[in-house]
Novice: 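Questions regarding the structure given below will be posed in turn.
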Amino acid sequence: MTRTDPQALRRGAGAGAEADAGAGAALDALARVVAELREHCLWTAALTHRSLIAYLVEESYELADVVEAPGELDVQALKGELGDILYQVVLHALLQTEAGGFTLAEVADQLREKLIRRNSHVFRPDGTLQARFPESMAAIERNYAAEKDRERPGSKSVFDSLPASMPALALAAKTLERAGDRAAPGHLAGAGGRAGRDRAPGERVPRTAGAPAQPSPPATEEELGELLFDVVRAARARGLDAERALRMAVRRYQAQRP
């Protein structure tokens, strides 16, 4: 099943909906166990929203490790890591329930409403299915972006909702995505107007006699990884913080955009 096969995606989603029909009772039982831990375990009782953040970040990276591991996906490990992240969600919701804020059910209801609202290509406002569905990813993405824009009419910038604490590389990628910027920088565009995507892996950009060597645009993720690693090594050798440097560059870029 590929991402660009809407029919296959639809069949897979239907099967998932049937399999998760009994999740409600399991989630209720999980919430009761977590509540009992909060009541009877001093360590769990001492947790706060702030102290939980480090665990949530760690669990997210562990989930990414399982998904990105070479070879066949370890579904048991995946199930375990998803459970660890679900535990974080239940804990945060329970903290708010104790404080008189909101409940886990309200979190689920708000998410359901948001999914219906943002995916109007699938759902009518009352949650029933549309009579027809888009058959192209481009149409789906345009619709989703338009719905998100309607949710933030007072936003001054397309970057307003980007979390400032995102890792700098992820923040840079999301910033460029929000800006619709797909152009490669001039010094990485390749010689003679050839972009990196037109160059065979490992091929070097021709160099004009007497001209300084120009960096070759990476053609594969492996080459990109090596380039980024070299940049970090060079920064470290000069006592520079690569993470902070990139974050500041992203902020300067954002400040120049509407």
Novice: Counting N and O atoms only, with roles assigned by atom type, does the side chain of Arg238 sit under 3.5 Å from a partner on the main chain of Ala234, one being a donor and the other an acceptor?
Specialist: yes

Novice: Before you tell me yes or no, could you show the steps for Arg257 and Phe159 under side-chain contact (heavy atoms from CB on, under 4.5 Å), namely the whole-Å CA-CA distance, both residues' side-chain angles and the distance that decides it to 0.1 Å?
Specialist: CA-CA 9 Å; Arg257 307 288 294 200; Phe159 310 121; 3.6 Å; yes

Novice: Kindly say whether Glu106 contributes a backbone atom to a donor-acceptor pair with the side chain of Gln110 at under 3.5 angstrom?
Specialist: no

Novice: Passes side-chain contact (heavy atoms from CB on, under 4.5 Å), Ile140 versus Val122? Steps please.
Specialist: CA-CA 9 Å; Ile140 293 170; Val122 174; over 6 Å; no

Novice: Looking at Glu147 and Arg117, is any side-chain nitrogen of the basic one under 4.0 Å from a carboxylate oxygen of the acidic one?
Specialist: no

Novice: Please report the shortest heavy-atom distance between Leu95 and Thr48, naming the atom on each side.
Specialist: CD1-C, 3.7 Å

Novice: Check the orientation of His49 and His92. Use parallel for under 30°, tilted for 30 to 60°, and perpendicular for over 60°.
Specialist: parallel

Novice: Do you know the tightest heavy-atom contact between Val90 and Ala31?
Specialist: CG1-CA, 4.1 Å

Novice: Around atom CD of Gln130, are there more than 12 heavy atoms of other residues, nucleotides or ligands at under 6.0 Å?
Specialist: yes

Novice: For Asp241, check side chain to side chain contact (heavy atoms under 4.5 Å, CB included) against everything at least two apart and list the hits.
Specialist: Glu243, Arg244

Novice: Quick one: closest heavy-atom pair of Thr97 and Phe102, and the distance?
Specialist: OG1-O, 2.9 Å

Novice: Examine distances only and state if a side-chain atom of Ser51 and a backbone atom of Leu47 form a donor-acceptor pair shorter than 3.5 Å.
Specialist: no

Novice: Once rounded to the nearest 0.5 Å, what's the spacing between atom CG of Asp126 and atom CD1 of Ile116?
Specialist: 8.0 Å

Novice: Before giving the answer on side-chain contact (heavy atoms from CB on, under 4.5 Å), spell out for Asp84 and Gln88 the whole-Å C-alpha distance, their side-chain angles and the decisive distance to 0.1 Å.
Specialist: CA-CA 7 Å; Asp84 290 341; Gln88 299 293 312; over 6 Å; no

Novice: Can a donor-acceptor pair be found, under 3.5 Å and without considering hydrogens, that links the side chain of Thr220 to the backbone of Glu223?
Specialist: yes

Novice: Check whether any side-chain heavy atom of Asn143 sits under 4.5 Å from a side-chain heavy atom of Pro134, and report yes or no.
Specialist: no

Novice: Any idea which heavy atoms bring Tyr87 and Leu37 closest together, and the distance?
Specialist: OH-CD1, 3.9 Å

Novice: In the structure I gave you, are the side-chain heavy atoms of Leu63 and Leu78 within less than 4.5 Å of one another anywhere?
Specialist: yes

Novice: Could you check whether any side-chain heavy atom of Lys79 comes within less than 4.5 Å of a side-chain heavy atom of Leu82, counting everything from C-beta outward?
Specialist: no

Novice: May I ask you to check whether over 12 heavy atoms, not counting those of Glu62, lie within 6.0 Å of atom CD?
Specialist: yes

Novice: Taking all non-hydrogen atoms of both residues into account, name the closest pair between Pro218 and Leu227 and its distance.
Specialist: CD-CD2, 4.0 Å

Novice: Could you tell me the separation between the CZ atom of Phe123 and the CG atom of Leu129, rounded to the nearest 0.5 Å?
Specialist: 6.0 Å

Novice: Keeping Arg247 on the side-chain end and Leu171 on the backbone end, is there a donor-acceptor pair under 3.5 Å?
Specialist: no

Novice: Counting N and O atoms only, with roles assigned by atom type, does the side chain of Glu68 sit under 3.5 Å from a partner on the main chain of Asp65, one being a donor and the other an acceptor?
Specialist: no

Novice: If you take all heavy atoms of Leu73 and Val67, which pair is closest and at what distance?
Specialist: CD1-CA, 4.1 Å

Novice: Look at atom OH of Tyr253 and say whether more than 12 heavy atoms of other residues, nucleotides or ligands are closer to it than 6.0 Å.
Specialist: yes

Novice: Between Thr175 and Val250, is there a donor-acceptor pair closer than 3.5 Å when you use the side chain of the first and the backbone of the second?
Specialist: no

Novice: So, the side chain of Arg38 versus the backbone of Ala45: is there a donor-acceptor pair under 3.5 Å, distance only?
Specialist: yes

Novice: My understanding is that only one of Leu91, Leu94, Val34 makes a side-chain contact (heavy atoms from CB on, under 4.5 Å) with Thr44; could you say which?
Specialist: Leu91

Novice: Side chains of Leu162 and Gln254: closer than 4.5 Å at any heavy-atom pair?
Specialist: yes

Novice: How far does NZ of Lys114 sit from CG of Leu111, to the nearest 0.5 angstrom?
Specialist: 6.0 Å

Novice: Could you check whether atom CZ of Arg236 has more than 12 heavy atoms from other residues, nucleotides or ligands sitting under 6.0 Å from it?
Specialist: no

